[in-house]
Amino acid sequence: MSAEPPEPDFGVTLNAQDRAFYDEVREFLATALTDEIRGGGHDRLQRMRLWQSRLHNAGLAAISWPAQFGGRAATPVQQLVFNAEMAAARAPEPINRSAINQLGPTIIQWGTDEQRAYYLPRILSADDVWCQGFSEPDAGSDLAALRTKAVIDGDELVITGQKVWTSKAQYADRIYLLARTDPSAPPRDGISYILADLDTPGIEVRPVRQITGDAEFNEVYFDGARVPLVNVLGPLHGGWRVAKSTLGYERVGQSRTHRIERRLDILIGMAKQPNALTDKGLADEYLADHLVRFAAQVEALRQIAAQATAAGVRGMSPGPEASVAKLLTSEVDQAMAGFGLDLAGPAGILEPGSPGAAKKGNVAQSYLLMRAATFGAGTSEIQRNVIGERLLGLPRDP
Ligand SMILES: Cc1cc2nc3c(=O)[nH]c(=O)nc-3n(C[C@H](O)[C@H](O)[C@H](O)COP(=O)(O)OP(=O)(O)OC[C@H]3O[C@@H](n4cnc5c(N)ncnc54)[C@H](O)[C@@H]3O)c2cc1C
């Protein structure tokens with residue numbers, strides 16, 4: 001007699017549909033998450049592409065999207081189940097994760113029927129991999145200071161300017177960017193949100209090398225690049241509100257706990273072995289104290305992330321709860337990467353680290369990579385401003 005699998009502990013009771021969904025996800029992972037996806041054979045990008053196509057074929061690429069756009073309209077509980085199972089299985093990210101989490105919902109919210117019909121299926125299938133062109137050399141936290149301009153010329157926009165820190169532009173097919181279309185308007189009123197093909201003549205991508213040795217960011221230069229006017233997403237000159245939707249979705253995406261759960265596993269594994277802290281004579285209790293604190297934080301973040309996700313599922317632009325999730329997740333992640341280096345000791349710093357090694361658990365590379373966590377998707381200070389002003393009702397940052 002085969003035993004019924006134990007009821008999983010997600011901190012919520014699963015109804016019959018949730019349980020059926022859970023079974024479906026488990027079955028999918030058991031068959032689709034093969035060694036080929038986990039690491040063998042292909043390079044990382046190929047694996048991420050293949051993984052996304054498997055998710056897509058199983059109808060699991062964008063479970064939070066409404067069904068009419070290729071999603072599942074997953075309930076908050078189903079999203080919790082999905083994220084927990086993906087994390088527990090140590091499943092990789094799909095190649096178009098940021099487009100699935102950020103751009104897709106923004107197109108659903110703001111796009112025309114034609115834009116939705118054209119772009120959304122291509123995001124799901126990863127026919128189009130997207131990157132985000134918001135930040136500029138003098139416009140990061142103060143994004144409204146952006147200077148890239150797009151001049152209307154007949155039924156085209158002519159774009160000139162520079163973006164920086166554009167993750168994934170080195171292999172993306174398209175870019176969603178902000179440009180100033182009405183220079184006479186106040187800064188936030190004269191911006192448009194534009195969808196562009198990266199091989200448009202006049203667009204050039206130059207990789208930027210990081211302290212890890214990887215080049216995951218880029219500068220993107222626009223020199224008179226011509227893009228059809230119909231590629232504006234949302235109102236012409238009204239792109240600021242559209243961008244705010246994307247940024248809200250981005251914070252929710254950043255708050256997913258996959259990465260910190262994986263890091264916690266790595267730390268526990270290291271703590272069980274002889275390590276630099278026990279070599280220094282520090283008692284096991286010292287290690288346990290840290291690990292229990294991290295484990296509690298990871299659990300709390302799982303719950304906060306679920307709430308932030310739930311806001312998105314209810315069709316609302318994620319609110320300030322997304323800032324809480326993003327702030328805490330990035331800071332816990334950074335603290336854990338620091339503890340990993342403490343456990344490894346000087347040997348950890350000397351550990352040979354090829355570019356990309358952080359993703360395989362190399363502690364020195366992880367430590368370096370994680371310096372960026374409190375910057376990307378809005379710095380910790382900016383998240384604190386949002387929380388202070390919008391959750392706590394404190395006076396606005398001038
Ligand atoms: C991993 C990573 C990936 C990224 N990917 C992309 C991408 O794909 N596309 C893209 O467009 N951008 C991307 N960025 C850029 C990111 O959005 C910016 O780094 C971020 O918005 C901060 O801008 P900045 O770097 O210009 O720093 P600045 O805004 O110059 O900030 C410098 C310091 O001043 C502080 N500060 C600034 N303003 C305030 C304030 N009002 N109150 C208190 N403190 C303040 C900041 O917190 C920070 O400590 C990425 C960045 C990272 C680290």
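Only heavy atoms go into these numbers, but all of them, side chains included; no hydrogens, no water, no symmetry mates. Counting starts at 1 for both ligands and their atoms, following the listed order.
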Margin query: When you measure from the side chain of Ser192 to the backbone of His237, do you find a donor-acceptor pair of N or O atoms at a distance under 3.5 Å?
Written below: yes

Check: How about atom 31 (O) of ligand 1: does it have a protein heavy atom within less than 4.0 Å?
Finding: yes

Notebook entry, point to check: Charged N to carboxylate O below 4.0 Å: is that the case for Arg72 and Glu24?
Noted result: yes

Notebook entry, point to check: Closest non-hydrogen protein atom to atom 18 (C) of ligand 1, residue and atom name please, with distance?
Noted result: Ser135 OG, 4.0 Å

Next item on the list: Under 4.0 Å from a heavy atom of Ala372: give me the atoms of ligand 1 that qualify, with their elements.
Entry: 1 (C), 53 (C)

Notebook entry, point to check: Is Asp265 salt-bridged to Arg262, going by a charged N under 4.0 Å from an acidic O?
Noted result: no

Item checked: Residue, atom name and distance, where the atom is the protein heavy atom closest to atom 53 (C) of ligand 1 -> Gly376 N, 3.3 Å

Next item on the list: Identify, for atom 44 (N) of ligand 1, the protein heavy atom at the shortest distance, and state residue, atom and that distance.
Entry: Glu381 CB, 3.4 Å

Checklist line | Shortest protein contact, atom 41 (N) of ligand 1 (heavy atom only) | finding: Asp397 OD2, 2.9 Å

Notebook entry, point to check: For the residue pair Gly239 and Leu178, what are the closest heavy atoms and their distance?
Noted result: O-CD2, 4.3 Å

Notebook entry, point to check: So, for atom 35 (C) of ligand 1, does the protein have a heavy atom nearer than 4.0 Å?
Noted result: no

Note to self: I want to check a possible cation-pi pair here: Arg371 against Tyr367, using under 6.0 Å from ring centre and within 45° of the ring axis as the test.
What the structure shows: yes

Check: Would one find an N or O of Gly378, backbone or side chain, under 3.5 Å from an N or O of ligand 1?
Finding: no

Item checked: Test: Glu204 and Arg206 ion pair at under 4.0 Å -> yes

Check: In the protein, which heavy atom is nearest to atom 42 (N) of ligand 1, and how far is it?
Finding: Asn385 ND2, 3.3 Å

Item checked: Salt-bridge criterion met for Asp173 and Arg122 (N-O under 4.0 Å) -> no

Notebook entry, point to check: What is the minimum heavy-atom distance between Leu33 and Arg38, and which atoms define it?
Noted result: CD2-NH2, 3.2 Å

Notebook entry, point to check: If we only count N/O pairs under 3.5 Å, is Thr166 in contact with ligand 1?
Noted result: no

Item checked: Contact check, side chains of Tyr119 and Leu103, non-hydrogen atoms, under 4.5 Å -> no

Check: Just going by heavy-atom distances, which of Gly140, Ser167, Ser141 is nearest to atom 28 (P) of ligand 1?
Finding: Ser141

Notebook entry, point to check: Can you tell me the protein heavy atom closest to atom 46 (C) of ligand 1 and the distance?
Noted result: Thr379 OG1, 3.5 Å

Check: Can you find an N/O atom of Glu136 closer than 3.5 Å to an N/O atom of ligand 1?
Finding: no

Check: At what distance is the nearest protein heavy atom to atom 14 (N) of ligand 1, and which residue and atom is it?
Finding: Trp165 CB, 3.5 Å

Check: Less than 4.0 Å between a side-chain N and a carboxylate O, is that true for Arg293 and Asp289?
Finding: no

Item checked: Closest candidate by heavy atom, reference atom 2 (C) of ligand 1, pool Phe217, Phe134, Phe375 -> Phe217

Check: Relative to the heavy atoms of Ile382, which atoms of ligand 1 are at a distance of less than 4.0 Å?
Finding: 38 (N), 39 (C), 40 (C), 41 (N)

Check: Do Glu136 and Gln162 have side-chain N/O donor and acceptor atoms under 3.5 Å apart?
Finding: no

Item checked: Nearest-neighbour protein heavy atom for atom 9 (N) of ligand 1, which is reported as residue plus atom name and distance -> Gln132 O, 2.7 Å

